[in-house]
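First up is the structure itself, then whatever we jot down about it.
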Amino acid sequence: MTAMASQPLSRAAIRVIHDGPLLSLVFRAATVHRAHHAPDTVQCASLLSIKTGACPEDCAYCPQSAHWNAELEREPLMATDDVLAAASRAKAAGADRFCMGAAWREARDGREFNQLLDMVAGVKALGLETCATLGMLDESQAERLQAAGLDYYNHNLDTSPEHYEKIITTRTYADRLRTLEAVRHAGMKVCCGGILGLGEGLEDRIGLIHALASLDPQPESVPINALVAVAGTPLADTPPLPWDALLRAVATARIVMPEAYVRLSAGRTSLSEEAQALCFLAGANSIFLGDTLLTTPNPEPDADAALFQKLGLRMQGESPASAACAEHATPAHG
Ligand code: SAM
Ligand code: DTB
Ligand code: SF4
């Protein structure tokens, strides 16, 4: 058996999948991936921080928290025209989804929220899929965002329920589940994942994957971030996540959430091409495109284009004709 039954799996069952011989795990994940997705196609999203820093939450990993001293330019909410100009550039660079992130604890009704609704409608009108991550939402806000044209809402569980309190004290796991419920209820797609390399144990990684796979329905998009350790945050000196731990998490997520986009998110600048290739083989089929995530670096678009060409991957938004041209281009050996 390769694909999972529709019943939620127990933590113990997920652990058995996760802990198997690594290459057999990757093979099984690749088999599930091929049964559910076009295996050589990667969805490419572009990310923009529309409001940066001075966040009241105390997420230990985050350079945007006002509790820490990361070197960061704080920026108020961007002007709508500037956001739309960035979205047009992202589309021209090949992105098919545009994700707007704000360093807010929660969205607040008023002038800024109305401006946000305009941004969402404007990005949608450019022909891009829309995504936003704005902190907690109530049902009415979720409904207004959906009506404005928001396709996806990103809100992560971040880690296991047990490890969570060591990372964030200002907002609970239950708060996060409530926001996800509001997003679902409003009819938007759910983008929900977490971060690995926060100093958690193996059992916490299983716990996170179990919590994500138990959401009913399962999230359509699952970002798997590797911690970007930023100076000035409490996790600045956390040892880097080993590549095989990330690969196991990606492969397990693919097996237990066969329909989801599994996104290889933050942390790709610390991964070799070979490790990324294994993650794509194991079912990762979405990335952020562009040299900056929200505030930290992401691979240069040229480096991603070269990697895609080596691996025979194509961007989801790219026409099959231009992908065929790429196939006939001289491969960059060496
Ligand atoms: N403030 C909103 C919230 O937390 O819901 C939205 C923006 S927040 C930056 C979005 C996500 O980015 C977080 O949930 C976390 O998973 C991820 N993130 C933040 N800092 C990170 C870091 N240093 N390394 C990896 N992922 C990070
Ligand atoms: C997600 O899971 N990863 C993205 C997106 N959702 C918003 C954010 C990654 C942020 C990495 C740290 C930074 O650049 O500030
Ligand atoms: Fe604020 Fe989001 Fe960063 Fe937490 S992850 S400090 S909520 S911006």
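Note: hydrogens, waters and symmetry copies are ignored here, and every other heavy atom, side chains too, is used. When a ligand or atom number is given, it counts from 1 through the structure's own listing order.
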Using a distance-only test with no angle check, is there a side-chain donor-acceptor pair under 3.5 angstrom linking [X] and [Y]?
X      : Y      : result
Asn285 : His37  : yes
Gln316 : Thr41  : no
Glu259 : His36  : yes
Tyr61  : Asp158 : yes
Ser65  : Asp58  : no
Thr130 : Asp151 : yes
Thr159 : Asp204 : no
Arg144 : Ser140 : yes
His18  : Arg248 : no
Thr52  : Glu75  : no

In terms of atom number and element, which parts of ligand 1 are under 4.0 angstrom from non-hydrogen atoms of [X]?
X      : value
Trp104 : 1 (N), 2 (C)
His155 : 5 (O)
Leu294 : 9 (C)
Gly135 : 2 (C), 5 (O)
Ala226 : 25 (C)

Top protein contact for [atom], by heavy-atom distance:
atom                    : result
atom 6 (C) of ligand 1  : Thr133 OG1, 3.1 Å
atom 24 (N) of ligand 1 : Val228 N, 3.0 Å
atom 15 (O) of ligand 2 : Thr295 OG1, 2.6 Å
atom 12 (C) of ligand 2 : Thr296 OG1, 3.6 Å
atom 3 (Fe) of ligand 3 : Cys62 SG, 2.3 Å
atom 10 (C) of ligand 2 : Leu294 CD1, 4.1 Å
atom 1 (Fe) of ligand 3 : Cys55 SG, 2.3 Å
atom 4 (Fe) of ligand 3 : Cys59 SG, 2.3 Å
atom 20 (N) of ligand 1 : Tyr61 CD1, 3.3 Å
atom 3 (N) of ligand 2  : Asn225 OD1, 2.9 Å
atom 11 (C) of ligand 1 : Asn156 ND2, 3.8 Å
atom 6 (N) of ligand 2  : Asn154 OD1, 3.0 Å

Ligand 2 versus Thr292: contacting region, heavy-atom distance under 4.0 Å: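 Within the 4.0 Å criterion, Thr292 makes no contact with ligand 2.
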
Part of Val230 with heavy atoms under 4.0 Å of ligand 2, whether side chain, backbone, both or neither: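 The answer is neither; Val230 stays 4.0 Å or more away.
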
Nearest neighbour of atom 27 (C) of ligand 1 from the list Thr295, Asn225, Ile195, Ile167, on a heavy-atom basis: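 Result: the heavy atom closest to atom 27 (C) of ligand 1 is in Ile195.
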
Would [X] count as being in polar contact with ligand 1, using the rule that some N or O on each side must be under 3.5 angstrom apart?
X      : result
Ala102 : yes
Ala103 : no
Asp158 : yes

Heavy-atom neighbours of Phe27 CZ exceed 12 at 6.0 Å: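 Atom CZ in Phe27 is not crowded, with 12 or fewer foreign heavy atoms closer than 6.0 Å.
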
Arg108 atom CZ, over 12 foreign heavy atoms within 6.0 Å: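 No, not enclosed.
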
Non-hydrogen atom of Phe288 closer than 4.0 Å to ligand 2: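 A heavy atom of Phe288 does come that close to ligand 2.
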
ILVMFWY network linking Leu25 to Ile224, side-chain heavy atoms under 4.5 angstrom: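 Yes; tracing contacts between hydrophobic side chains, which count when under 4.5 Å, links both residues.
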
Residue Arg171 vicinity, atoms of ligand 3 by number, heavy atom under 4.0 Å: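 Listed by number with element: 7 (S).
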
Stacked cation flag Arg97 on Tyr261, 6.0 angstrom / 45 deg: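 Output yes; distance and angle both within limits.
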
Axial cation check for Phe288 ring with Arg263, 6.0 Å and 45° limits: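 Relative to the ring axis of Phe288, which defines the angle, Arg263 lies inside both limits.
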
Arg105 and ligand 3 - part of the residue with a heavy-atom distance under 4.0 Å: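 None of Arg105 does.
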
For ligand 1, the portion of Arg171 having any non-hydrogen atom under 4.0 Å away: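 Side chain only.
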
contact_flag His67 ligand 3 heavy-atom lt 4.0 Å: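 Heavy atoms of His67 never come under 4.0 Å of ligand 3.
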
Ligand-residue contact atoms, ligand 2 with Asn156, heavy atoms, under 4.0 Å: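 Answer for ligand 2: 1 (C), 2 (O).
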
Pairwise side-chain contact, Arg89 with Leu48, heavy-atom cut-off 4.5 Å (strictly under):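 No; the side chains remain at least 4.5 Å from each other.
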
